[in-house]
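Values in this document were obtained by computation on a predicted structure and should not be read as measured data. One-based numbering, in listed order, for ligands and for the atoms of each.
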Amino acid sequence: MKQYIIPVFIPYSGCPHRCIFCNQKKIAGEVEGVNIETIRKTVDTWISLSAISHQPSAFKNRQVAFYGGSFTAIPLEKQEEILSSISHYLKNGVVDSIRLSTRPDSISAGNLALLKRYGVKTIELGVQSMDNRVLSLSERGHSSDDVGNTASLLKAHKFEVGIQIMPGLPGDTFESSINTADEVIKLKPDFVRIYPAVVIKDTGLADLYQKGAFKPLTLYDAIGVCKIMLMKFETNNIPVIRIGLQPTPSLIEKGTILDGPFHPALRQLVESEIAYDLMKYIIVNNIKRDRVSFLTSPTELSNFIGQKRVNIKRLESEFAVSMDIIADNELKPGGVIFDNSFEKVYIKRKDFLKKYTGYHNALTDN
Ligand code: SF4
């Protein structure tokens with residue numbers, strides 16, 4: 001069931017140092033000092049907003065989410081104080097659970113007991129990469145072993161586990177990003193977020209960039225790597241709940257992002273690229289006619305067409321066909337019908353993804 005997230009930002013709380021890419025003030029915006037009063041004020045504001053929301057999830061399955069810091073690295077008494085500020089909301093049924101994000105090297109079994117006691121259900125780990133060289137160059141201060149150990153510990157204690165990864169950090173390559181996805185899959189997280197690295201002002205990465213010692217991914221490359229990652233996670237039944245940073249007002253302020261693959265609709269660009277690959281695969285593997293049509297679910301139509309009709313233009317030119325992409329109200333997301341006026345073929349997205357990722361694995365294994 002979809003959750004109504006009540007975000008409470010605790011910028012850098014618990015962080016032992018600043019990671020090279022991180023500027024929480026710009027990602028989350030300026031936040032008042034974290035204390036019980038400001039936390040409650042934030043939660044009350046979001047609850048009153050939910051009353052006028054049209055989302056059904058706004059009335060049930062509400063989750064308070066502590067973002068922007070390393071929650072479990074905060075001293076235990078302070079963690080308890082913060083969590084206890086939510087207790088009466090949980091008791092009254094106004095809020096259902098708590099989520100928090102933290103580092104993979106700062107969780108002990110003892111700490112987990114406290115989190116359980118106060119209603120924490122979901123823990124998101126900032127993993128970024130499973131390549132130790134990338135982690136070290138990004139000044140993360142933890143290793144890939146820390147990620148594996150902590151993810152197992154969280155699973156053993158029945159927490160819902162989310163993993164955040166960041167392709168394109170210093171030292172990262174296409175291969176090491178894909179290897180990160182493969183290693184994360186082995187940990188069986190409940191969900192993943194992918195944030196391609198962007199250069200934000202007032203960060204260590206910005207210094208490196210300005211000295212010419214770091215070059216971020218281009219948007220084109222980021223779409224390429226996120227596409228393979230998304231395909232791999234999806235074929236392994238791991239939901240990718242976000243691709244790309246949220247375009248908050250402070251992040252999109254002029255001069256904040258110095259360079260990198262930031263796009264407010266990055267997920268759509270990635271989905272559109274997958275739709276292009278899917279249609280190309282179908283055209284190549286079926287009888288070619290001068291005119292072909294694809295029927296998709298209405299919700300996926302724009303992904304298939306692509307921004308500025310780019311997918312239609314590319315395929316028409318590559319295969320010398322004339323093409324239509326039409327919404328079919330009967331079709332559910334996850335499948336597409338190919339019609340060449342000679343035969344109609346239904347293809348499931350998942351079957352295509354399995355073939356594509358199998359092919360990609362075979363290529364990279366050689
Ligand atoms: S641990 Fe997370 S919040 Fe803290 S500095 Fe690093 S990336 Fe930012």
Side-chain angles (χ1 to χ4, degrees), residues 5 7-34 39 42 64-75 78-79 82 98-108 111 115 120 122-147 149-151 154 161-172 177 180 184 189 191-209 214 216 242-246 248 250-251 256-258 260 262:
I5 298 288
V8 179
F9 288 97
I10 51 166
Y12 302 122
S13 295
C15 298
H17 61 268
R18 187 96 93 81
C19 304
I20 200 166
F21 51 84
C22 185
N23 183 340
Q24 288 298 333
K25 291 210 167 83
K26 289 295 169 192
I27 293 172
E30 286 295 338
V31 174
E32 288 180 65
V34 181
I39 292 171
T42 308
V64 172
F66 292 102
Y67 288 143
S70 304
F71 196 96
T72 54
I74 299 170
K78 184 74 183 165
Q79 286 183 44
I82 294 174
I98 298 175
R99 157 186 311 233
L100 50 90
S101 59
T102 196
R103 298 170 54 84
D105 59 350
S106 61
I107 305 183
S108 65
N111 200 162
L115 303 182
V120 175
T122 311
I123 299 183
E124 296 198 34
L125 294 177
V127 167
Q128 323 313 355
S129 173
M130 291 297 275
D131 181 327
N132 284 331
R133 187 168 162 267
V134 174
L135 291 174
S136 155
L137 288 170
S138 305
E139 297 170 16
R140 284 289 292 169
H142 67 78
S143 69
S144 57
D145 281 349
D146 292 323
V147 175
N149 295 337
T150 300
L154 295 179
V161 180
I163 284 189
Q164 303 173 1
I165 50 179
M166 191 171 275
L169 284 169
D172 204 8
S177 285
T180 287
V184 166
F191 63 89
V192 165
R193 297 179 197 257
I194 307 173
Y195 297 117
V198 293
V199 184
I200 301 175
K201 79 169 183 186
D202 301 332
T203 61
L205 206 54
D207 296 340
L208 282 185
Y209 171 77
F214 173 71
R242 176 138 202 115
I243 300 180
L245 288 170
Q246 191 93 32
T248 55
S250 51
L251 189 66
T256 295
I257 295 180
L258 306 186
F262 175 77

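Protein atoms of type N/O/S that fall under 2.8 Å from atom 4 (Fe) of ligand 1 number 1 in this view.
Residues forming a side-chain hydrogen bond (donor to acceptor under 3.5 Å, both in side chains) with N132 (at least two apart in sequence, or on another chain): S144. Here F214 pairs with nothing under the ring pair (Phe, Tyr, Trp, His ring centres under 6.0 Å) rule; sequence neighbours left out. F21 pairs by the ring pair (Phe, Tyr, Trp, His ring centres under 6.0 Å) definition with nothing, not counting sequence neighbours.
Here D131 does not pair with R133 in a salt bridge; the nearest charged N to carboxylate O distance is not below 4.0 Å.
A distance-only check finds a donor-acceptor pair linking the side chain of T102 to the backbone of T72 [under 3.5 Å]. In this structure, S13 contributes its side chain and I10 its backbone to a donor-acceptor pair below 3.5 Å.
Rounding to the nearest 0.5 angstrom, the gap separating the CD atom in Q79 from the CG atom in L115 is 6.0 Å.
Close contacts of ligand 1 with F21, meaning ligand atoms under 4.0 Å from a residue heavy atom, involve 7 (S).
Comparing heavy-atom distances from atom 7 (S) of ligand 1 across M166, Q128, R140 singles out R140 as nearest.
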